[in-house]
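What you see is a predicted model, and the numbers here were worked out from it, not measured in a lab.
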Amino acid sequence: MVRQIGLRALLILIVLRSGFSKAVHVITVIIGDSPTMGYVAQSPGYDVAFSRAVGLFPSALRNITRQTVYRPGAFSCSEAAEIMPFVAVQISNILDEHRFDFNVLISPGCSLEVMTLGDYAREWNVPLLATIAIDQSLTNAQRYPTVVAFPSSDQVTMIQAIISLLDRFSWTTISLICMDQNWKVSDGGLYYFTACRGFLTVLGGQKDKYNLNVQHLDPKVKEGDLDAYSGVLRNAATQSRVIMLLIPTNSKLRDFMINAERLGMTEGDFIFIAPRSPMVPTESTLDQQSRNGSSRAADSAFQSLILVNNPTPNWAALSGVLQSIRNTSEVRYNKTLTNFEMLNDLTISAFEVMTILLQVVRDLSPLEMEMQNGITFRQLFLNRTFNPLSRPVYIGPKGMRICDVHISKFNVTSGLMEVSEEYLSVAGNSVRTHALSTVWRGRNGPPVNRPFCGYTGELCLGGLAKTAVIILAVSISTALLATLAIFIAMYHCIFKRSGHGAGRPWWDLRPDLLFVILKTTDWESL
């Protein structure tokens, strides 16, 4: 034992005197060819970040190498997770070849895929940086002591921000409308798929506090087909006044809101809350969309809409990086990226993860690098804010990126959706940034959670029936009393006008009458 300690101390002394830093080997693990998470989609971002960092700090990063483990094909998330054990055999062989290096794994896989790989990383004691995976189970340090997750959208904090909004205005009955989306397509469907599941779990799990009504939209609805949303809207109107929309693409969300306007649901009695993925410039912002010549209807509808999203990348600052990603894709991967594929938040996440990894490595001294393992290396990311070119990235105490949240409302003066308040993730509270936060269409305050008579007037139907009976009874009674009063008045009037003597009839009766009334109280037959 003493001999081993002595040899280790001697090794450390040699490292210190030589200035030699332990080599770092980065292994990127990519399964499949998803348009947003696959090999061609993610690799250029890693390549550009690596080349850029090594070019800026050639001396500090001179001992870094990298390679990619790639399994081609089209796989669902669960299928990729099932394949992972076979890929792990290949990774294990690489780790054995580089057993004297410090190895780091990077994966752009989905949550199930990364969870499986995370179990292997624990046994290997190798750090695993997850680019996209967002499942909160990855923050379980006992099961995943070497995993750091960098999802570009912090849906946990977004849910917390929306819950804070619901609680502030006492909104407890919510209609959740999710567009069932095939997240393999490149329109951000993955974000809305996981967000819908998140809201179902959190709000649906608090049945004593929230009443959640869930509906699903057909993703095959064509843009501009406004009538396709009518049935869902009418159904939601009978169940709540707060409607949460998880609808991919701004154009479809815009069509939905125009339909709500046509149904009279945007006059102030309803509020629509739409969580959004970080904005993609090629899609344009919601307020810039124009379809069916209905801009005026859209502007009117947006006044009942609240957008909720994490801060977007600084696309202007990234212009050079994005051009490099496009060039790398063409030259190295024989793929010409579309604007959507290049200007995509998931692509930027790949760039961010590699950039941050190399910054952490660059900050370590040779001795500190020599002492690292998977668990200790993970600690270097926690409770720390990094500043890649794209935006600030804060990794929380549980090893997952935490983002602030922007809450936006429509400004009728500028015609734009503008940030009205920010939810600060670390502080856990909201800060108003614009007077719009207190502006509500058609009323002095926010819509009520439940109308006085209920969502369909059902609470007032019984009362209305009772009121109708009372009114009818009073009306009949009044009519009878009026009739009686008239007869009494006629009696007195006729009695006073009579000039006949005693014992004579009051009136001269016609012979065809059967009876005559005498002044006496006796009835006499004719």
Do [X] and [Y] have side chains that approach each other closer than 4.5 Å (heavy atoms only, starting at C-beta)?
{"X": "I177", "Y": "Y229", "answer": "no"}
{"X": "M115", "Y": "D135", "answer": "yes"}
{"X": "C178", "Y": "F199", "answer": "no"}
{"X": "E113", "Y": "I31", "answer": "yes"}
{"X": "T131", "Y": "F351", "answer": "no"}
{"X": "L203", "Y": "K209", "answer": "no"}
{"X": "S390", "Y": "N314", "answer": "no"}
{"X": "D404", "Y": "Y423", "answer": "no"}

Distance-minimising heavy-atom pair for [X] and [Y]:
{"X": "R432", "Y": "T438", "answer": "NH1-CG2, 3.4 Å"}
{"X": "I271", "Y": "S304", "answer": "CD1-O, 3.4 Å"}
{"X": "S43", "Y": "Y333", "answer": "CB-OH, 3.2 Å"}
{"X": "I174", "Y": "W171", "answer": "CD1-O, 4.2 Å"}
{"X": "A53", "Y": "L358", "answer": "CB-CD1, 3.3 Å"}
{"X": "I395", "Y": "A149", "answer": "CD1-O, 4.3 Å"}

C403 and Y394: side-chain contact (heavy atoms from CB on, under 4.5 Å), yes or no, with the steps? CA-CA 7 Å; C403 305; Y394 173 68; over 6 Å; no

Please evaluate residues H98 and Q67 with respect to the criterion side-chain contact (heavy atoms from CB on, under 4.5 Å), reporting the C-alpha separation (whole Å), side-chain torsions for both, the decisive distance (0.1 Å), and the verdict. CA-CA 12 Å; H98 292 268; Q67 73 179 97; 3.9 Å; yes

May I have the list of side-chain donor-acceptor pairs in residues 373-380 shorter than 3.5 Å, sequence neighbours left out?
unit_1	atom_1	unit_2	atom_2	d
N373	OD1	I375	N	2.9
N373	OD1	T376	N	2.9
N373	OD1	T376	OG1	3.3
T376	OG1	Q372	OE1	3.0
T376	OG1	N373	N	2.9
T376	OG1	N373	O	3.2
R378	NE	V147	O	2.9
R378	NH2	K398	O	3.0

When rounded to the nearest 0.5 angstrom, what distance separates [atom1] in [X] from [atom2] in [Y]?
{"X": "L436", "Y": "I306", "atom1": "CG", "atom2": "CD1", "result": "10.5 Å"}
{"X": "K22", "Y": "M369", "atom1": "NZ", "atom2": "CE", "result": "7.0 Å"}
{"X": "I407", "Y": "I162", "atom1": "CD1", "atom2": "CD1", "result": "8.0 Å"}
{"X": "F410", "Y": "E418", "atom1": "CZ", "atom2": "CD", "result": "9.0 Å"}
{"X": "L176", "Y": "L245", "atom1": "CG", "atom2": "CG", "result": "9.0 Å"}
{"X": "I348", "Y": "S152", "atom1": "CD1", "atom2": "OG", "result": "10.0 Å"}

Tell me whether S175 contacts the main-chain N or O of I243 through its side chain, where contact means a donor paired with an acceptor under 3.5 Å.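 No; zero donor-acceptor contacts below 3.5 Å.
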
Quick one: do D255 and K252 make a salt bridge, cutoff under 4.0 Å?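 No, no charged N to carboxylate O under 4.0 Å.
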
Could you tell me whether R332 and D47 have a side-chain N and a carboxylate O separated by less than 4.0 Å?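 Between D47 and R332 there is a salt bridge, with a charged N closer than 4.0 Å to a carboxylate O.
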
Going through the checks in order, is the side-chain hydrogen bond (donor to acceptor under 3.5 Å, both in side chains) test met by R276 and N310? CA-CA 8 Å; R276 310 302 293 160; N310 296 126; over 6 Å; no

When the side chains of residues 317-326 are checked against the rest of the protein, which donor-acceptor pairs come out under 3.5 Å, sequence neighbours left out?
unit_1	atom_1	unit_2	atom_2	d
S319	OG	A316	O	3.2
Q323	NE2	N327	OD1	3.1
S324	OG	G320	O	3.1
R326	NH2	N339	OD1	2.9

Considering residues at least two apart in sequence or located in another chain, which fulfil the salt bridge (Lys or Arg N to Asp or Glu O under 4.0 Å) criterion with [X]?
{"X": "E421", "result": "R168"}
{"X": "R52", "result": "none"}
{"X": "K335", "result": "E341"}

I'd like to know whether D33 forms a salt bridge (Lys or Arg N to Asp or Glu O under 4.0 Å) with R71, so could you lay out the CA-CA distance, the side-chain angles of the two residues, the decisive distance to 0.1 Å, and finally the verdict. CA-CA 9 Å; D33 299 295; R71 180 66 64 92; over 6 Å; no

May I ask you to check whether over 12 heavy atoms, not counting those of D96, lie within 6.0 Å of atom CG?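 Count over threshold, so yes.
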
Got a sec: does the CZ of R197 have more than 12 other heavy atoms crowding it under 6.0 Å?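 At most 12 heavy atoms, drawn from other residues, nucleotides or ligands, come within 6.0 Å of this atom.
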
R401 charged N/C atom sitting above F150 aromatic ring, 6.0 Å / 45°: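 Not flagged: R401 not positioned over aromatic ring of F150.
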
R66 charged N/C atom sitting above F50 aromatic ring, 6.0 Å / 45°: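 Yes - R66 lies over the ring of F50, closer than 6.0 Å to its centre and within 45° of its axis.
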
Please list all pairs meeting salt bridge (charged side-chain N to carboxylate O under 4.0 Å, His left out) that have one or both residues in residues 144-164, counting only residues at least two apart or in different chains.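 Applying salt bridge (charged side-chain N to carboxylate O under 4.0 Å, His left out) to every pair that reaches into residues 144-164, excluding sequence neighbours, yields nothing.
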
Going through the checks in order, is the salt bridge (Lys or Arg N to Asp or Glu O under 4.0 Å) test met by R391 and E352? CA-CA 9 Å; R391 56 191 162 188; E352 291 172 336; 2.8 Å; yes

Any idea how Y70 and Y39 line up, ring-wise: parallel (<30°), tilted (30 to 60°), or perpendicular (>60°)?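 Answer is parallel, since the angle falls under 30°.
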
